[in-house]
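Just so you know, residue 1 is the first one in the sequence shown, and it goes up from there.
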Amino acid sequence: MAYEVKLVKLINGDMVLAKWDEEKKQLKDPAMLQMVPTQTGVQMMLLPFGYPFDSELTGEIDAKHILYEYKNVPEELKTKYLEASSNLTLSTPSDLKDLSNLAGPGGKITDLSGFLKK
């Protein structure tokens with residue numbers, strides 16, 4: 001079953017990224033989004049909603065606890081959430097930009113016959 005990933009603010013002030021279950025009107029496998037100040041600005045950190053007692057993204061939150069739904073969720077944030085919730089590494093189109101150099105300079109296959117023993 002495919003879920004839409006939503007970014008919401010709960011009535012307690014927490015920002016949560018989770019899969020939306022339209023049938024049950026629930027957020028599934030919620031992750032808290034926390035801002036961590038750094039010397040150059042802020043970093044975003046995804047934590048299981050039950051952290052520090054839960055180390056996995058599990059659980060549900062009813063829609064009645066949602067105060068605000070963000071209309072735009074950055075794709076990079078969605079990708080990081082899906083990687084954390086599925087234990088898979090997802091590739092993005094930008095990951096494929098350097099594949100042109102795999103065949104050698106100018107896309108030509110390098111002749112390695114001189115290195116082979118006869």
Open item on the list: Hydrophobic cluster membership, with links at side-chain heavy-atom distances under 4.5 Å among I/L/V/M/F/W/Y: are L67 and Y70 in one?
Closed with: no

Open item on the list: With heavy-atom distances below 4.5 Å as the criterion, would you say the side chains of K80 and M44 are in contact?
Closed with: no

Task: D21 versus Q26, side-chain donor and acceptor atoms under 3.5 Å - done: no

Open item on the list: Quick check: do Q34 and L47 have side-chain heavy atoms less than 4.5 Å from each other?
Closed with: yes

- [ ] Compare all side-chain heavy atoms of K19 with those of S85 and state whether any distance is below 4.5 angstrom.
- [x] yes

Task: Residue that, paired with V8, satisfies side chain to side chain contact (heavy atoms under 4.5 Å, CB included) out of L33, L27, I61 - done: L27

Task: Atom of P30, atom of A18 and distance for their closest heavy-atom approach - done: CA-CB, 3.8 Å

Task: Y81 versus L57, closest heavy-atom pair with distance - done: CE1-CD1, 3.9 Å

Open item on the list: Working to the nearest 0.5 angstrom, can you tell me the gap between E83 CD and L46 CG?
Closed with: 10.5 Å

Open item on the list: One pair to check against salt bridge (charged side-chain N to carboxylate O under 4.0 Å, His left out): K6 and E69. What are the steps and the verdict?
Closed with: CA-CA 7 Å; K6 290 192 176 196; E69 177 185 337; 3.4 Å; yes

- [ ] Indicate yes or no: at least one non-hydrogen side-chain atom of D54 is less than 4.5 angstrom from one of F49.
- [x] no

Task: Test log, rule ring-ring contact (aromatic ring centres under 6.0 Å, His included), inputs F53 and Y51 - done: CA-CA 5 Å; F53 304 107; Y51 184 82; 8.7 Å; no

Task: Nearest-0.5 Å distance, NE2 of residue H65 to CG of residue L10 - done: 8.5 Å

Open item on the list: Any side-chain to backbone donor/acceptor pair from N12 onto D14? Under 3.5 Å, distance only.
Closed with: yes

- [ ] Please tell me if the side chains of I66 and W20 come closer than 4.5 Å, counting only heavy atoms from C-beta onward.
- [x] yes

- [ ] Nearest 0.5 Å please: distance from the CE atom of M32 over to the CE atom of M45.
- [x] 8.5 Å

Open item on the list: Can you confirm whether L7 sits close enough to V73 that some side-chain heavy atom of one is under 4.5 Å from a side-chain heavy atom of the other?
Closed with: yes

